[in-house]
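Report on the following structure.
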Amino acid sequence: MKYYSTREKSLRISGAEAIKMGLSRDGGLLTPETIPQIGKDFLERLAGMDYQHRAVEVMSLFLTDYSREELLDYANNAYNQEKFDCREIAPCRKVDGNTFCMELWHGPTSAFKDMALQMLPQLLSAALQKTGEEKTVCILVATSGDTGKAAMEGFADVPQTKIMVFYPKNGVSAVQEAQMVTQEGGNVDVCAVVGNFDDAQAGVKRIFSDEVLRETLAERGYFLSSANSINWGRILPQVVYYVSAYCDLLASGLQMGDKVNICVPTGNFGNILAAYYAKRMGVPVGRLICASNSNDVLTEFLRTGVYNRNRPFHTTMSPSMDILVSSNLERLLFDLSGENDGEVRGYMAALSQDGRYEVSEAIKEALREQFWGGFCGEEETSATIAEYYKKRHYLIDTHTAVAANVLEQYRKETGDDTVTVFASTASPFKFCDHVLSAIGETPEGEGVGLLHQLNKATGEVIPERLAALEKKERRFNQTAEKAGMDSAVMSFLK
Ligand SMILES: *Cc1c(COP(=O)(O)O)cnc(C)c1O
């Protein structure tokens, strides 16, 4: 299986090279040249396997330059009982007769990013070997809160790697910030950026495309890569859990071949893109329901075919979805355009020039058929947390609540009551203050101390690693203006 860029189809590189590069030099996203097709027999076979073996089966279809032994080794390292606090890894909890919630936050940092970021460093480390790379890779991450921590946790002290994380100074929760600035490891660095997530992401993208900086770093023995969800090594491990969810539902009474809808709280469009790929592979999926918070750029896009980032940016209680430029949408456009790299180049040029583009009628039609977009404001998010807690005794975080709310909107508007899996992307303990307020408590104090209050109020157990944060020392204090991000990188990679 070869990979090419969404902006340049003539390129052909291996899976290992795609993972090593992160982003294509032409600014496009590296994408498999074909989507492997699976059938009922494949799903039946996987239904009898544990999560680790399901991961090997799905990933080996895309990464033909990795052996099954390698992949099994990585899956066992990534998804084990030391790192995850539940045996099923990504359990699907039944919420009601036709609704399941897939909990993706049982990993070391209590967010779904662990599902991919416990895997990516191993894929990347092997990729360096496979491609004979001698330089050290430096991973640059722009994070809206969860990716940064999950990436550092995955890369800490991995040989031949360094990792630097940029987060928006006032755009992450207290627990998220504490998780990042206390990160251990000799190869990590953290820097707050004055601005929002899009500023941090734009800064990282600019550093990536700076040829002079690239050469200087090469002389120092470094090259840059990405662990953001633009890296194919992030998307692929996420495809696994959608395939796995279907297998789990078969055990809960779903008939093989029956369609399920999938609802995903969306920011950079990575998680829902993985669901789309699972559908494209042949998993019986009906509608993909894309849930946004007040930053409703994707809702508008899915309804009108116009992507317009010229709009106010809202800082919300679901900060990991506070995004106006959803990078992974480019892969969807590439696929829906019939892999037309010229067409994609046109959209992306318009986006960077005017902050806006409008897709073709053919793409609009495909979007209407396969997707449904909705958004949920702050009050509705709180109300949904309260409703889930009070009526169903199920405590969910702010991001998950956005998905639960949008799913309800979808059902009301369309009358479609197909069995639906919605993704739960973070532990409620990562967003204690908002969750406490939502269930009618008054948060007392701030930051990590609120973990105990939420525990006392609900009886839910604090994830072990979050409970341990209180005793950890702050290691990082750096803040940079957007324009100063380059020099922060240069001084880290001396
Ligand atoms: C990253 C994140 C999201 C958004 O996922 P995308 O892949 O960026 O769409 C949603 N919820 C949580 C908790 C996250 O950390």
Side-chain angles (χ1 to χ4, degrees), residues 29 101-117 120 141-151 153 165 167-168 171-173 175-176 179-180 197-198 200-201 226-239 241-242 262-278 288-293 295-299 301-302 316-332 371 373 375-376 381 385 396-406 422-432 434-435 463 466:
L29 306 195
C101 181
M102 177 163 54
E103 293 179 354
L104 297 171
W105 44 262
H106 289 279
T109 75
S110 304
F112 91 95
K113 305 292 198 293
D114 289 325
M115 300 301 298
L117 283 164
L120 175 70
V141 181
T143 185
S144 54
D146 292 323
T147 304
K149 174 62 183 180
E153 194 64 35
V165 170
Y167 69 92
V172 301
S173 83
V175 170
Q176 288 176 317
Q179 282 184 302
M180 288 191 277
F197 170 71
D198 288 310
Q201 179 160 266
S226 161
N228 274 101
S229 59
I230 50 176
N231 192 313
W232 178 248
R234 279 282 301 279
I235 301 298
L236 181 56
Q238 298 182 177
V239 177
Y241 51 71
Y242 290 109
I262 296 175
C263 176
V264 185
T266 304
N268 218 7
F269 209 78
N271 201 1
I272 193 166
L273 180 78
Y276 172 78
Y277 282 131
L288 295 162
I289 302 161
C290 177
S292 301
N293 63 23
N295 295 293
D296 60 348
V297 60
L298 284 167
T299 307
F301 172 68
L302 293 172
T316 72
M317 64 175 86
S318 45
S320 299
M321 298 157 65
D322 291 347
I323 293 177
L324 293 182
V325 180
S326 301
S327 306
N328 263 301
L329 198 57
E330 184 169 341
R331 285 193 170 106
L332 179 70
F371 287 84
F375 72 98
C376 169
T381 307
I385 293 173
I396 56 176
D397 97 294
T398 48
H399 303 76
T400 308
V402 168
N405 180 283
V406 169
F422 70 98
S424 177
T425 49
S427 158
F429 284 95
K430 282 197 100 161
F431 305 94
C432 295
H434 295 296
V435 172
L466 296 186

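Just follow the structure's listing: the first ligand is 1, and inside any ligand the first atom is 1. Along the sequence shown, the residues carry numbers beginning at 1. Bear in mind the structure is a predicted one, so any value in this text is a computation, not a measurement.
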Ordered by chain then number, the protein residues lying under 4.0 Å from ligand 1 by heavy atom are Phe112, Lys113, Asp146, Pro265, Thr266, Gly267, Asn268, Phe269, Gly270, Asn271, Ser320, Met321, His399, Thr425, Ala426
Beyond-backbone contact of Arg331 with Phe269, side-chain heavy atoms, under 4.5 angstrom
no
So, using side-chain hydrogen bond (donor to acceptor under 3.5 Å, both in side chains) as the criterion, who are the partners of Lys430 when residues are at least two apart?
Asp146, Gln179
Can you measure from CG (Leu117) to OG1 (Thr109) and round to the nearest 0.5 angstrom?
8.0 Å
Can you list the residues that meet the side-chain hydrogen bond (donor to acceptor under 3.5 Å, both in side chains) rule with Arg234, with sequence neighbours excluded?
none
Short side-chain donor-acceptor distance under 3.5 Å, Asn295 and Asp322
yes
Listed partners of Asp296 passing side-chain hydrogen bond (donor to acceptor under 3.5 Å, both in side chains), at least two apart:
Arg311
